Colleague: 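Dropping the structure in here first, questions after.
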Amino acid sequence: MRTTKSTAKAKAPAKRTARPRQLKIVKSDEWLRPFEGAIQGRHDHALHKIEELTGGKGSLSDFADGHLYFGLHRTPRQWILREWAPNATAIYLVGTFNNWQETPEYAFTRIPNTDNWQLKLPVKALHHLDLYKLSVHWSGGQGERVPAWARRVVQDEQTKIFSAQVWYPKQGYEWKNPEFRPKRGPLFIYECHIGMAQDAEKVGTYNEFRLNVLPRIIADGYNCIQIMAIAEHPYYGSFGYHVSSFFAPSSRFGTPNELKQLIDAAHQAGISVIMDLVHSHAVKNEVEGLGNYAGDPNQFFYPGSRREHSAWDSLCFDYGKNEVIHFLLSNCKYWLTEFHFDGFRFDGVTSMLYYSHGLGESFCQYGDYFNGHQDDNAICYLTLANQLIHQVNPHAITIAEEVSGMPGLAAPFVDGGYGFDFRMAMNIPDYWIKTIKERRDEDWHPSSILWELTNRRADEKTISYCESHDQALVGDKTLIFRLIDADMYWHFQKGDENETVHRGIALHKMIRLVTASTINGGYLNFMGNEFGHPEWIDFPREGNGWSYKYARRQWNLVDNHNLCYHYLGDFDNQMVHLLRNSVRDLRKFPVQEVWHDDGDQVLAYMRGPLVFVFNFSPNRSYEGYGFRVPEGAYNVVLNTDAHAFGGNGLADDSVCHFTNFDPLLAREHKGWLKLYLPARSAVVLRLQPKEEKESKKSKE
């Protein structure tokens, strides 16, 4: 039957809506397929939020310019101060310039049809270093507040009161290396705290860190600094995790220009600088914090039972409010652009992801990540933060501190992930602590060690570490203290070591080497732990008489070559340089197991031309222990048992080790590498390039 054009058109099948492509993290992991809908939903939530915030026209980077609008700014003709305070009925600027009194000329006006307030003043009204606050009125109350967007906050030494400070020096900081590009890998991160980085019993400064500590970090081979406690916090002992002023670098360490000078100096040495960013919660304080900013305790924070973090005695941001997202995203951009930070380690990500903050939950199966206990608003915010950060600086570094194992956290957003570059491998320090506390040395199993260090998602890069600042705090113990304990005080002088000290020194080096050499993203060390700092961290408080004795790092110990600390420090130096420089990028070479024997307690694996061999046995040394490796000549490039590192020096590391021919291995171009393996020691060997091997043979 013939059909007219109109009939044919009417009968044409309707167009099908194109199905969204399957996200890569689901496609590559069949165990995630039952949760594809939830993963796609989180992805779409972020896309929709970006569309909502940008209007579909601009970028997140354009949206996150709140710091250029809010807060105190000076133009050639005037000062302009703006604040978001929806619940306020009146706001006055008070300070040293008006004797802290409310006066009409310092009264804000509400910007029509907004929740924002604005004050314009002539240039002569304010001066550099003037102190100020807001006097905020609301229905039924009034209070003084440090402005939420303040860039400089100082504390009076006598009264201990915090105030905002006008910061407009005649000369701004002139960057010497403004175009620094951070290198992502492999990262060797030196985690540090400016205040407690000095030997003296006091709060250290940005300048002292730059002059005294930065040269040590450079010499030790680390290529990234992770700085804690940058944003202003009222209580020094909070380690910087109870933030009050999110845009103000802590004045107790110095001026903003001095922080910039420190970052610039690190960049000139090729070292990236990332900030420990706390967007997971905020201090409860109301006068210097955001706790009750304009008579509304929920302006920045969740309402009801979700407002307070029960374990941290702090407040939880409402990530569902666009104004809060604007505040936090602008905070990210501010630190990147104003201070040239190269990225962030996001603190407390687990707490953000779950309504329970991860407390009391066991994460044993994939269903535990998609059971409705997750805060989709926080997940969306973290995804947007990563998108923004990499828009502002495509080379920026973002690291998530997350313990639950949420899949996709460090996978690209386009693949269905959250967009972090790395996640902390928090299982590793827990494993080492558990092993040291609960297992006899004879029960350390190499198979378990290698599994724990390499058990990670293939699509996510991790930062491995033996211990961080958490293990150095009072109430916990660093690895060296768990291994040696009080004998560090009595037997750490050369010539006076006992068996406990010898054991601790040996295992400290082996634990660090096996952890650092199996990384797929980076390695982290907390300052002082590389040389076995003997004291825990205890900030000044009423219980210790407000003493700084334990809120410092005793560099004099590692500098004193009559003590054993320098053995550990020297080993760490050589280890970091080896792993950074012996191959172009260690991460490009997979960890290939060569051998493990839990009975012998021997482990061997290769990464490119490097062979790592460990004998964890406390009392058995092995002569001629053989491994099947690529044929050739191998030189020792690092030995934990060397005299230089406090070892026994039982092997001759100058010997070149040639593989023994085996006809059964000839097809694989492999031979037997036979080594002497002293008890409690590890050795790293490097396969010589073929031309080097032939040259060496001809000379012999």
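Small disclaimer: the values here were computed from a predicted structure and weren't measured. Computation of the quantities below employed the complete heavy-atom set of this structure, encompassing side-chain atoms and omitting hydrogens, waters and symmetry-equivalent molecules.
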Colleague: Around Arg541, counting heavy atoms of other residues, nucleotides and ligands shown, do more than 12 lie under 6.0 Å from its CZ?
Modeller: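 Yes, CZ of Arg541 has more than 12 neighbouring heavy atoms, counting only those of other groups under 6.0 Å.
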Colleague: Check for me whether Lys260 meets the cation-pi criterion with Tyr173, that is, NZ or CZ under 6.0 Å from the six-membered ring centre and within 45 degrees of the ring axis.
Modeller: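 Lys260 over Tyr173 ring: no.
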Colleague: For Ser245 and Ala248, indicate whether the former's side chain and the latter's backbone hold a donor-acceptor pair under 3.5 Å.
Modeller: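 The answer is no, because no donor-acceptor pair under 3.5 Å joins these two groups.
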Colleague: Is the backbone of Phe108 close enough, under 3.5 Å, to the side chain of Tyr92 for a donor and an acceptor to pair up by distance?
Modeller: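 Checked: no pair found.
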Colleague: At what distance, to the nearest 0.5 angstrom, does CD of Gln374 lie from OH of Tyr369?
Modeller: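 Reported to 0.5 Å precision, the distance equals 10.0 Å.
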Colleague: Phe539 vs Phe239 aromatic rings, parallel, tilted or perpendicular, using cut-offs 30° and 60°?
Modeller: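 Taking Phe239 first and then Phe539, their aromatic rings stand perpendicular (interplane angle over 60°).
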Colleague: So does Lys120 get a backbone contact from the side chain of Gln78, meaning a donor-acceptor N/O pair under 3.5 Å?
Modeller: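 Judged by distance alone, no pair lies under 3.5 Å.
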Colleague: Could you tell me if Arg306 sits above the aromatic ring of Tyr355, with its cationic atom closer than 6.0 Å to the ring centre and no more than 45 degrees from the axis?
Modeller: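 Here Arg306 fails the 6.0 Å and 45° test against Tyr355.
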Colleague: Within the 3.5 Å criterion, strictly below it, is a donor on Lys49 or Asn322 matched to an acceptor on the partner's side chain?
Modeller: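 Indeed, the side chains of Lys49 and Asn322 share at least one donor-acceptor pair under 3.5 Å.
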Colleague: May I have the step-by-step check of side-chain hydrogen bond (donor to acceptor under 3.5 Å, both in side chains) for Ser404 and Tyr354, ending in yes or no?
Modeller: CA-CA 10 Å; Ser404 78; Tyr354 303 95; 2.7 Å; yes
Colleague: What residues, two or more places apart in sequence or in another chain, satisfy salt bridge (charged side-chain N to carboxylate O under 4.0 Å, His left out) together with Glu191?
Modeller: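 Glu191 satisfies salt bridge (charged side-chain N to carboxylate O under 4.0 Å, His left out) with no other residue.
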Colleague: Applying side-chain hydrogen bond (donor to acceptor under 3.5 Å, both in side chains), can you list everything that pairs with Glu467, at least two apart in sequence or on another chain?
Modeller: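 Glu467 satisfies side-chain hydrogen bond (donor to acceptor under 3.5 Å, both in side chains) with Arg512 only.
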Colleague: Does a side chain donor of either Ser314 or Lys284 reach within less than 3.5 Å of an acceptor in the other side chain?
Modeller: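 Their side chains do not contain a donor-acceptor pair, so the 3.5 Å distance test is not met.
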Colleague: Please step through side-chain contact (heavy atoms from CB on, under 4.5 Å) for the pair Leu336 and Phe344, ending with a clear verdict.
Modeller: CA-CA 9 Å; Leu336 291 171; Phe344 307 99; 3.8 Å; yes
Colleague: Under the salt bridge (Lys or Arg N to Asp or Glu O under 4.0 Å) definition, can you give me all pairs with a residue in residues 289-304, not counting sequence neighbours?
Modeller: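 Matches after skipping sequence neighbours: none remain.
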Colleague: Rounded to the nearest 0.5 Å, how far apart are CG of Leu129 and OG1 of Thr96?
Modeller: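 Leu129 atom CG to Thr96 atom OG1 measures 9.5 Å (nearest 0.5 Å).
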Colleague: Between CG of Asn529 and OG1 of Thr478, what distance do you get to the nearest 0.5 Å?
Modeller: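 One gets 6.0 Å once the value is rounded to the nearest 0.5 Å.
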Colleague: So, His281 versus His242, ring centres under 6.0 angstrom or not?
Modeller: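 When the ring centroids of His281 and His242 are compared, they turn out to be within the sub-6.0 Å range.
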Colleague: Identify the residue among Tyr381, Phe301, Tyr302 that makes a ring-ring contact (aromatic ring centres under 6.0 Å, His included) with Phe317.
Modeller: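 Of Tyr381, Phe301, Tyr302, ring-ring contact (aromatic ring centres under 6.0 Å, His included) with Phe317 is met by Phe301 alone.
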Colleague: Evaluate the criterion ring-ring contact (aromatic ring centres under 6.0 Å, His included) for residue pair Phe97 and Tyr106; output intermediate values, then yes/no.
Modeller: CA-CA 10 Å; Phe97 40 81; Tyr106 289 96; 5.1 Å; yes
Colleague: To the nearest 0.5 Å, what is the distance between CZ (Phe70) and CD (Gln118)?
Modeller: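 The CZ atom of Phe70 sits 10.0 Å away from the CD atom of Gln118.
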Colleague: Please check if the side chain of Lys160 supplies one atom and the backbone of Glu157 the other of a donor-acceptor pair under 3.5 Å.
Modeller: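 Flag set: sc Lys160 to bb Glu157 pair under 3.5 Å.
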Colleague: For a ring-ring contact (aromatic ring centres under 6.0 Å, His included) with Phe327, tell me which candidate from Tyr69, Trp84, Trp149 qualifies.
Modeller: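 The option that passes is Trp149.
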Colleague: Would you call the rings of Phe180 and His267 parallel, tilted or perpendicular if under 30° counts as parallel and over 60° as perpendicular?
Modeller: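 Phe180 and His267: parallel rings.
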Colleague: Val213 vs Gln198, test: side-chain contact (heavy atoms from CB on, under 4.5 Å). Steps then yes/no.
Modeller: CA-CA 8 Å; Val213 183; Gln198 300 305 310; 3.8 Å; yes
Colleague: Answer yes if the ring centres of Tyr241 and His469 are under 6.0 angstrom apart, and no otherwise.
Modeller: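 Here the rings of His469 and Tyr241 have centres that are less than 6.0 Å from each other.
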Colleague: Tell me, with the steps shown, if Gln155 and Glu288 meet side-chain contact (heavy atoms from CB on, under 4.5 Å).
Modeller: CA-CA 10 Å; Gln155 185 179 28; Glu288 54 271 296; over 6 Å; no
Colleague: Please check if any side-chain donor atom of Asp264 sits under 3.5 Å from a side-chain acceptor atom of Asn177, or the reverse.
Modeller: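 Short answer, no.
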Colleague: Verify the distance criterion only: is there a donor paired with an acceptor across the side chains of Asp421 and Thr398 at less than 3.5 Å?
Modeller: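 The answer is yes; a qualifying pair exists.
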Colleague: With sequence neighbours left out, write down each residue that passes side-chain hydrogen bond (donor to acceptor under 3.5 Å, both in side chains) with Lys202, or none if nothing qualifies.
Modeller: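 So Lys202 forms a side-chain hydrogen bond (donor to acceptor under 3.5 Å, both in side chains) with Glu208.
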Colleague: Could you tell me whether a side-chain N or O of Arg423 sits under 3.5 Å from a main-chain N or O of Val403, the two making a donor and an acceptor?
Modeller: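 Checked: no pair found.
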Colleague: Would you call the rings of His309 and Trp312 parallel, tilted or perpendicular if under 30° counts as parallel and over 60° as perpendicular?
Modeller: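 Judged by the thresholds at 30° and 60°, the geometry between His309 and Trp312 is parallel.
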Colleague: Hey, could you give me each pair passing salt bridge (Lys or Arg N to Asp or Glu O under 4.0 Å) that has a residue in residues 93-104? Not counting sequence neighbours.
Modeller: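 Listed once each, the pairs would be none.
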Colleague: Can you name the closest pair of heavy atoms from Trp555 and Ala197 and give their distance?
Modeller: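 Closest pair (atom of Trp555, atom of Ala197, distance): NE1-O, 2.7 Å.
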Colleague: Phe300 vs Tyr293 aromatic rings, parallel, tilted or perpendicular, using cut-offs 30° and 60°?
Modeller: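 Rings of Phe300 and Tyr293: perpendicular, over 60°.
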Colleague: Would you check if the side chain of His326 reaches a backbone N or O of Ala64 as a donor-acceptor pair within less than 3.5 Å?
Modeller: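 No, the answer is negative, given that no donor and acceptor are paired below the 3.5 Å cut-off.
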Colleague: How long is the span from the CH2 atom in Trp335 to the CG atom in Asp342, to the nearest 0.5 Å?
Modeller: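 One gets 14.0 Å once the value is rounded to the nearest 0.5 Å.
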Colleague: Would you confirm whether Lys321, through its side chain, and Gln299, through its main-chain N or O, come within 3.5 Å as a donor-acceptor pair?
Modeller: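 Between the backbone of Gln299 and the side chain of Lys321 there is a qualifying donor-acceptor contact (under 3.5 Å).
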Colleague: Calculate, to the nearest 0.5 Å, the distance between atoms CD and CD1 belonging to Glu144 and Ile161 respectively.
Modeller: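 Those atoms lie 8.5 Å apart.
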Colleague: Would you check, one step at a time, whether the test side-chain contact (heavy atoms from CB on, under 4.5 Å) holds for Phe526 with Arg553?
Modeller: CA-CA 11 Å; Phe526 180 68; Arg553 299 282 90 177; 4.0 Å; yes
Colleague: Hey, can you tell me if Phe339 and Phe341 have their rings parallel, tilted or perpendicular (30° and 60° cut-offs)?
Modeller: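 Tilted.
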Colleague: Over 60° means perpendicular and under 30° means parallel, so tell me whether His279 and Phe246 are parallel, tilted or perpendicular.
Modeller: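 Tilted, since the angle between the ring planes falls between 30° and 60°.
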Colleague: Do you know the tightest heavy-atom contact between Thr350 and Gly358?
Modeller: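 Of all heavy-atom pairs spanning Thr350 and Gly358, the closest is CG2-CA, 4.1 Å.
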Colleague: Taking Asn99 for the side chain and Gln101 for the main chain, is one N or O donor matched with an acceptor at less than 3.5 Å?
Modeller: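 Pair absent, no side-chain N/O of Asn99 close to backbone of Gln101.
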Colleague: Applying side-chain contact (heavy atoms from CB on, under 4.5 Å), name anything that partners Ala265, two or more places apart in sequence or on another chain.
Modeller: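 Ala265: side-chain contact (heavy atoms from CB on, under 4.5 Å) contacts with Arg210, Leu214.
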